Amino acid sequence: MTFCLGITVEEGLVGIADTRITSGNELTSAQKVTTYQNGNGAFFLMTSGLRSVRDKTLTYFDEVLESCPTPFDKLYKAVNAFTTELRRVAAEDKPFLADSGLHFNLHALVGGQLSGDASHKLYLVYPEGNWVEISRGTPYHIIGEGGYGKPVLDRTLKFSDSLRMALKVGCLAFDSTRISASDVDFPIDVVLYRKGGQELAQHRYEKQDLADISAWWQEHLRGLVHDLPSEWIDNVASKLIKVCAPPGCRTLPPK
C-alpha cells in the first residue's frame with residue numbers, strides 16, 4: 001500500500017509520499033515522487049499502484065519531455081502527455097497482467113505551475129487516464145491508504161491556510177496512517193511549491209526526524225480527551241442500575 005498526499009492552499013502546494021514497497025513478504029523502500037523543473041516552471045508527480053506500471057509510464061513520459069521541441073506552458077498539457085503514456089502502457093501490459101491475476105492500477109497526483117498557468121494546480125489522474133483538478137472545496141487528495149489520514153485533514157485543513165500549516169497537517173495525516181497501517185512507513189519525501197515560484201523544495205524525513213512530533217501529537221491528543229467536558233457522560237452514568245439475576249436463576253457459589 002501507499003500513502004501519497006497532495007495539498008493545495010492559497011500559498012502553494014504540499015506533496016508528501018511514503019517510501020514503503022510491499023511485495024509478498026518483502027518490505028523495501030523506493031521513492032514515489034518525481035520532480036520536474038525547467039525554464040517554464042516546476043511540477044511534481046506522485047504515484048500509487050503497481051510499481052512496474054509506474055516505472056514504465058514514467059520512462060515513456062520522460063522520453064516525451066526530452067523529445068518535446070518546446071516545454072509545456074500549462075500543467076494540464078503535461079498531465080495529458082502523462083495520461084497518453086499511461087494508456088500506452090495499459091494497451092501493452094494490461095492483458096498480460098490480467099492473465100497473471102493482477103489488476104492494472106496506477107493513480108497519480110500531479111502538482112505545480114508552468115508559465116501559462118495563472119496559479120498553481122493539483123491534478124488527480126485515474127488508471128484509465130482521465131483526470132480531475134483538486135480545488136479549494138476539498139483542498140487535498142490521498143492516493144493509496146486514505147482512510148486513516150482523512151479525519152485530521154477534514155477537521156483542520158482550509159484552503160486559506162499557510163504552507164507551514166498545510167505541511168503540519170499533512171505530516172499528522174501521515175503519522176495517523178503510519179500508526180494504523182502496517183504497510184505505510186518512513187522515510188517520507190516532502191515537496192513544497194510556493195505560488196508564483198519557479199522551483200520546488202524537496203526534503204526526506206527519517207523516522208527519528210519526526211519522532212518528537214509524533215510523541216507530542218499523541219500525548220496532546222490523550223490530554224485533550226482527558227480535558228473533554230464530561231457532564232454528558234455523568235448524565236448517562238447516573239442512570240446506570242445494577243443488573244440483578246432474573247428470578248429463578250441459581251447463583252453459583254464462588255470457587
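The basis for the numbers below is simple: all heavy atoms, side chains too, and nothing from hydrogens, waters or symmetry mates. As the structure is a computational prediction, the values presented were derived from the model and not from experiment.
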Fill in: Worked verdict on H141 versus V132 for side chain to side chain contact (heavy atoms under 4.5 Å, CB included)
CA-CA 11 Å; H141 196 85; V132 296; over 6 Å; no
Discussion item. Around atom CD of Q202, are there more than 12 heavy atoms from other residues, nucleotides or ligands closer than 6.0 Å?
Written reply: yes
Practice prompt. Please confirm whether F186 and F174 have ring centers closer than 6.0 angstrom.
Written response: yes
Worksheet item: Any side-chain heavy-atom pair from T57 and T47 closer than 4.5 angstrom?
Response: no
Practice prompt. Of all the heavy-atom pairs spanning G147 and P151, show the shortest one and how long it is.
Written response: O-CD, 3.4 Å
Fill in: Value rounded to 0.5 Å, distance of CG in D189 from CD in Q31
4.5 Å
Worksheet entry | Y193/Q113 under side chain to side chain contact (heavy atoms under 4.5 Å, CB included): CA gap, chis, key distance, verdict | CA-CA 9 Å; Y193 175 78; Q113 184 177 2; 2.9 Å; yes
Fill in: Closest heavy-atom pair and its distance - W131, E133
CE3-N, 4.3 Å
Practice prompt. Show your reasoning for whether side chain to side chain contact (heavy atoms under 4.5 Å, CB included) applies to L86 and V53.
Written response: CA-CA 8 Å; L86 177 59; V53 174; 4.2 Å; yes
Worksheet item: Can T34 and R54 be counted as having a side-chain donor-acceptor contact under 3.5 angstrom?
Response: yes
Practice prompt. Before giving the answer on salt bridge (charged side-chain N to carboxylate O under 4.0 Å, His left out), spell out for K32 and D18 the whole-Å C-alpha distance, their side-chain angles and the decisive distance to 0.1 Å.
Written response: CA-CA 7 Å; K32 300 175 185 178; D18 84 316; 2.9 Å; yes
Worksheet item: Of the non-hydrogen atoms in D161 and V9, which two are nearest, and what is the gap between them?
Response: O-CB, 3.4 Å
Discussion item. If we count only N and O atoms by modelled type, under 3.5 Å, do the side chains of Y140 and D154 hold a donor and an acceptor together?
Written reply: yes
Practice prompt. Answer whether the closest heavy-atom distance between the side chains of F104 and V89 falls below 4.5 Å.
Written response: yes
Practice prompt. Examine Y36 together with F82 and report whether their ring centres are nearer than 6.0 Å.
Written response: no
Worksheet item: Got I142 and L153 here, is their nearest side-chain heavy-atom distance under 4.5 Å?
Response: yes
Item to complete: Taking ring-ring contact (aromatic ring centres under 6.0 Å, His included) as the test, write out the residues that go with Y60, two or more places apart.
Response: none
Worksheet item: Do L167 and C171 come within less than 4.5 Å of each other through their side chains, counting heavy atoms only?
Response: yes
Worksheet entry | Donor + acceptor pair across side chains of S214, R178 (<3.5 Å) | yes
Worksheet entry | Close side-chain approach of L210 and I188, heavy atoms under 4.5 Å | yes
Item to complete: Heavy atoms only: give me the nearest I134-P139 pair and the separation to one decimal.
Response: CG2-C, 4.0 Å
Worksheet item: Should L45 and F61 be marked as a side chain to side chain contact (heavy atoms under 4.5 Å, CB included) after you check the CA-CA gap, both sets of side-chain angles, and the distance that decides it?
Response: CA-CA 11 Å; L45 192 154; F61 180 57; 4.2 Å; yes
Discussion item. Please report the interatomic distance CD1(I16) to CD1(I7), rounded to the nearest 0.5 Å.
Written reply: 5.5 Å
Practice prompt. Compare every heavy atom of A81 with every heavy atom of V64, then report the nearest pair and how far apart it is.
Written response: CG1-CB, 4.3 Å
Worksheet item: For F72, does its backbone N or O pair with a side-chain atom of N40 as donor and acceptor, under 3.5 Å?
Response: yes
Practice prompt. Only counting residues at least two apart or in another chain, list the ones meeting ring-ring contact (aromatic ring centres under 6.0 Å, His included) with H226.
Written response: none
Worksheet entry | Joint cluster assignment, L109 & V33, ILVMFWY side-chain distance < 4.5 Å | yes
Worksheet entry | Plane angle bin for W216 and H220 - parallel if under 30°, tilted between 30 and 60°, otherwise perpendicular | parallel
Worksheet item: How long is the gap from CD1 on I21 to OG1 on T2, to the nearest 0.5 Å?
Response: 6.0 Å
Discussion item. Taking the side chain as everything from C-beta on, heavy atoms only, tell me whether Y76 gets closer than 4.5 Å to N80.
Written reply: yes
Practice prompt. Please confirm whether the backbone N or O of L200 pairs with a side-chain atom of Q37, one donor and one acceptor, at under 3.5 Å?
Written response: yes
Fill in: From T156 atom OG1 to L172 atom CG, the distance as rounded to the nearest 0.5 Å
7.5 Å
Worksheet item: Do other residues, nucleotides or ligands put more than 12 heavy atoms under 6.0 Å from the CZ atom of R204?
Response: yes
Fill in: Under 3.5 Å: donor-acceptor pair, side chain of S67, backbone of E63
yes
Worksheet entry | Heavy-atom donor-acceptor pair, D227 side chain to L224 backbone, under 3.5 Å | no
Fill in: Residue pair M165 / V169, side-chain heavy-atom distance below 4.5 Å
yes
Worksheet item: So, the side chain of D117 versus the backbone of L114: is there a donor-acceptor pair under 3.5 Å, distance only?
Response: yes
Worksheet item: Do the side chains of K207 and P187 get nearer than 4.5 Å, heavy atoms only?
Response: no
Discussion item. Quick check for you: to the nearest 0.5 Å, what is the distance between T19 atom OG1 and D185 atom CG?
Written reply: 7.5 Å
Worksheet item: If you look at every heavy atom in G12 and L163, which pair is closest and at what distance?
Response: C-CD2, 3.8 Å
Practice prompt. Look up atom OG in S48 and atom CG in L106, then write down how far apart they are to the nearest 0.5 Å.
Written response: 7.5 Å
Discussion item. Taking NZ in K56 as the centre, count heavy atoms belonging to other residues, nucleotides or ligands within less than 6.0 Å. Is the count above 12?
Written reply: yes
Worksheet item: Under 3.5 Å, is there a donor-acceptor pair between the side chain of R20 and the main chain of T28?
Response: no
